[in-house]
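First comes the structure, then the notes that go with it.
What you see below is based on every heavy atom in this structure, not just the backbone, and it leaves out hydrogens, waters and symmetry mates. Residue numbers start from 1 in every chain, and the chains themselves are labelled A, B, ... in the order their sequence lines are given, proteins ahead of strands. Please read these numbers as outputs of a predicted model, since none were measured by experiment.
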Amino acid sequence: MTKISRDDVLRLAQLSRLQLGDDEVDTLAIDISNILGYVEQLDELDTDNVEPTYQVTGLENVWRDDVVSQDAVSRDELLALAPEAVDYQVKVPKVL
Amino acid sequence: MDAISTITERIKSGASSARSEVEAALERAKAFEDKNIFISMTSERALERADMIDQKVKNGEPVGSLAGVPFAAKDNFLTYGGLTTAAAPILSNFEAPLQATAVEKLEQEGAICIGKTNLDAFAHGGSTENSAYGPTKNAFDDNKVAGGSSGGSAVAVALGIVPFALGSDTGGSIRQPASFNNVVGIKPTYGMVSRYGVVAMASSTDSIGCFAGNVADTELVMEVIAGRDQKDMTTLPDYFVPEATTSKKKVGLIKEFMDEGVDEAVRACVLEYAERMRAAGHEVEEVSLPVAKYALAMYYIIVPAEVSSNLARFDGVRYGKRSSAANELGELYDMSRGEGFVAENKRRIMIGSYVLSSGYFDAYYLKAQKARTLLIRAFNELFASYDLLLGPVTPSPAFGLGENVSDPIKMYLADVMTVPASMAGLPALSVPAGADEHGLPIGVQLIGQQRSDAMLLTVAREMEATNE
C-alpha cells in the first residue's frame, strides 16, 4: 500500500497551492495514505485493452460563433468582485 | 405541505397571494432555525418578487406554471439577492453577478427563492458536517445528520418549509439526503439540466436536480429546469417530457447492494418496495452488477482529480476572500486557499494533485477511467434485459452527527450505492420507502438508462399512488 510521508504532503500542498498548518500535515499524511490504499483495489480489475471514458454522453467538441455575448456580465461588475482593483485592473501584491 | 398545484391554484384564484405564501415560508424557516437549514435568507428580493406576481395576477396578466411558489436553493447555486458561499470560507463574501440557469428558469415561471441552504463546503461530503456554517440536523432526529452534500435543501422540504428545493448531485448529494429525510430526490441524466451558474465540483458527473414532497411536484420542477442551454455546452438536446402513465416494467434488483453489509431495515424496505412493484404488475428479478463495488474507488480518483482542477480558480485574486496576511503573490495564493478551504476540500484537492501528477497518472487516473468503461458496459448489459434497476440508496439510515467525521473512508462508504449511476451518467431517483425501528426514514433508489428520466418518474409516481 502507498504510504504518504510528511514530505509528500508538503510537496502536494505546494503543487496544490495550499498553505497547511503543522497539525494538518500529519492528519493529511494518514488520510491520503488510507484513501490511496482504498482506491488501489482497482488493481483487481483487468483493464487491458479497455478504452478510458472521460465523457459519458458521447459529447464531442461543441462550437459557437466567436462573438461577444450580449448578456455577459459587465467589466465593472466583475471588477467590483475583486478584493482590490485600481484603474480597471485587479491589484495584487508584488510577484517577487 | 401542500402540493405545488394547490399553491398555484389558490394564488391564481385570489384565495391566497404570493406575498402571503412567501411570508408563511419565511416564518416556517424561522421556526426551524435550530436545524441550521439555511445559510442565508433572500427575504427582501423574495417579497419584491411576490408583490410583482400578485400585481400580475390582479391585472389578469399571464403568470408562470410556478407562480408564487416559494423554493430554496442550495448555496452553490449563484443567485441574486444575497451571498453565494458554497459553505466555504473563501466565498463567504461572494455576491454573484449572475444567476444559475436553473434559478432563472424557475423565476421565469414565477417561483420565488426564499433562501440559500446549507451544504458541505463546495459540496464535498455526505453529511453537511463539512460546512463552514456548521451541520444541518436531520429532519427527524436532532442527533442525526441531514445527509449531504445537499442536506439543507432536503431538510427544508422534509419539514414543509418549501414545497421544493434545488440541489446538486455529483455522487449522491441529492439522493442520499432525500433518503435520510423522507423526501423525493432526483439526479437526472448527466446533461439534462444546465449547470451554468452552479459552483463546479467534478465536471464529468455534476448534475442538477431537486427535492420535493411527492413525485408529481418533482416532475413539475424538472420540466421547468430541464433543457439545452447555450451557456452550458454539456447540456443534451431537449428530451424530457413527463409521461402520464407507463407500461409494466422489467426491474432488476441489484444483488450486490443487498448483502450483509447493508442494514437489515434498509434491506427490508427495499424488499417490501420490490413486492409492491410486483403487486403493481411489474416483473422484479435479482440481477448482478459485480463491478459496482469498484465504483467508489473510481469515484475517489476521478472526482478529486476534477476537483483539484475546478478549484484552482479560487485564488484570492479576482473574487472571494483574500488572505490579509500575504506579502507577495505566491503567498497570497497559498494563504487565501489555506484559509479559504475546509479540511475536506484540501484533502480532495491534494488527492487530485497526486493522481494527476506525472508518474502516477496511468496507475490511478487512467486506470479509473478504464474501470469506468467496464462499469458502463455492465450497466448497458443489464439494460439490454431490464427497464430499470432497483436497490437501496445508502447502506444505512442517517448516521449520528460526529460519527464519521474522523474517518474519511467511512464517510465515503455512505456513497457506495449512489456513485455507480453518477459514474455512468444515469438518471436515478430516491423515493421514500419506510423507516427503521427508530423512525429514521429509508429510501429506495430507481436507476434507469440515460434519458429515461420521465419513465423512472412515472413508475415512481404510480408506485407512490399504490401506497396511499
Side-chain angles (χ1 to χ4, degrees), chain A residues 2 4 8-9 11-21 24 27-28 31-32 34-57 59 61-64 69 71-74 77-85 90-96, chain B residues 94-95 97-98 189-191 204-205 230 233-234 236 291 294 297-298 300-301 308 312 315-322 326-329 331-335 337-339 341 343 346-347 349-354 357 364 366-374 376 408-409 412 423-425 450:
Chain A
T2 306
I4 297 293
D8 294 330
V9 172
R11 169 83 185 128
L12 286 174
Q14 193 187 20
L15 282 173
S16 310
R17 305 276 0 189
L18 288 169
Q19 187 178 74
L20 299 177
E24 286 183 293
T27 318
L28 281 162
D31 289 347
I32 295 175
N34 288 341
I35 293 163
L36 291 175
Y38 178 83
V39 301
E40 281 165 10
Q41 63 177 282
L42 287 186
D43 293 342
E44 297 165 19
L45 286 176
D46 179 4
T47 53
D48 288 349
N49 305 313
V50 177
E51 288 295 314
T53 300
Y54 298 105
Q55 209 284 333
V56 292
T57 51
L59 207 63
N61 288 339
V62 182
W63 305 98
R64 69 160 175 81
S69 166
D71 53 9
V73 179
S74 73
E77 284 174 296
L78 288 176
L79 281 166
L81 294 173
E84 219 183 331
V90 174
K91 192 177 173 190
V92 292
K94 63 177 191 274
V95 176
L96 289 169
Chain B
F94 181 64
E95 260 184 271
L98 54 90
T189 300
Y190 178 82
S204 82
T205 70
Q230 284 303 318
M233 292 303 190
T234 61
L236 297 167
V291 71
Y294 296 100
M298 302 169 204
Y300 278 99
I301 293 172
S308 74
D315 54 9
V317 172
R318 295 151 300 149
Y319 53 89
K321 236 175 159 156
R322 177 183 287 189
N327 293 315
E328 49 93 15
L329 186 63
E331 255 179 34
L332 185 145
Y333 296 144
D334 298 348
M335 295 169 99
R337 288 166 64 79
E339 294 164 15
F341 291 129
K346 295 178 191 175
R347 206 147 42 214
I349 290 169
M350 291 172 67
I351 292 167
S353 296
Y354 184 85
S357 56
Y364 291 96
L366 188 63
K367 178 81 185 180
Q369 299 286 33
K370 287 179 174 178
R372 185 184 206 170
T373 304
L374 296 179
I376 291 168
I409 303 239
Y412 294 173
M423 293 311 305
Q450 285 186 6

* To do: Would you check, one step at a time, whether the test side chain to side chain contact (heavy atoms under 4.5 Å, CB included) holds for A:Leu36 with B:Tyr364?
  => CA-CA 9 Å; A:Leu36 291 175; B:Tyr364 291 96; 3.8 Å; yes
Can you tell which of [options] has the highest number of heavy-atom pairs within less than 4.5 Å of chain A?
| options | value |
| --- | --- |
| B:Tyr300, B:Tyr354, B:Tyr319, B:Tyr190 | B:Tyr354 |
| B:Leu374, B:Asp334, B:Leu329 | B:Asp334 |
| B:Ser357, B:Ala326, B:Pro408 | B:Pro408 |

Contact part of [X] toward chain B, heavy-atom cut-off under 4.5 Å: side chain, backbone, both or neither?
| X | result |
| --- | --- |
| A:Glu51 | backbone |
| A:Ala13 | both |
| A:Thr27 | neither |
| A:Val92 | both |
| A:Ile4 | side chain |
| A:Gln14 | neither |
| A:Asp46 | backbone |
| A:Val95 | both |

Between [X] and chain A, which part of the residue has a heavy atom less than 4.5 Å away: side chain, backbone, both or neither?
| X | answer |
| --- | --- |
| B:Pro97 | both |
| B:Ala368 | both |
| B:Thr205 | neither |
| B:Ser353 | both |
| B:Ile409 | side chain |
| B:Ala371 | both |

Nearest 0.5 Å, please: how far is [atom2] in [Y] from [atom1] in [X]?
| X | Y | atom1 | atom2 | result |
| --- | --- | --- | --- | --- |
| B:Gln450 | A:Thr57 | CD | OG1 | 6.0 Å |
| A:Ile35 | B:Ile301 | CD1 | CD1 | 11.5 Å |
| A:Ser16 | B:Lys346 | OG | NZ | 11.5 Å |
| A:Leu45 | B:Arg372 | CG | CZ | 14.5 Å |
| A:Leu42 | B:Met298 | CG | CE | 6.0 Å |
| B:Met350 | A:Asp31 | CE | CG | 10.0 Å |

* Asked: Just by distance, with hydrogens left out, do B:Tyr333 and A:Gln19 show a side-chain donor and acceptor under 3.5 Å apart?
  -> no
Nearest heavy-atom neighbours spanning [X] and [Y]:
| X | Y | result |
| --- | --- | --- |
| A:Tyr54 | B:Leu366 | OH-CD1, 3.2 Å |
| B:Thr373 | A:Pro52 | OG1-C, 3.5 Å |
| A:Pro93 | B:Arg322 | CD-NH1, 4.5 Å |
| B:Lys367 | A:Thr47 | NZ-OG1, 3.0 Å |

* Pick from A:Glu24, A:Lys91, A:Gln41, A:Gln55: which one has the most heavy-atom pairs with chain B under 4.5 Å? -> A:Gln41
* Structure fact -> Across all chains, not counting sequence neighbours, the side-chain hydrogen bond (donor to acceptor under 3.5 Å, both in side chains) partners of A:Glu84 are none
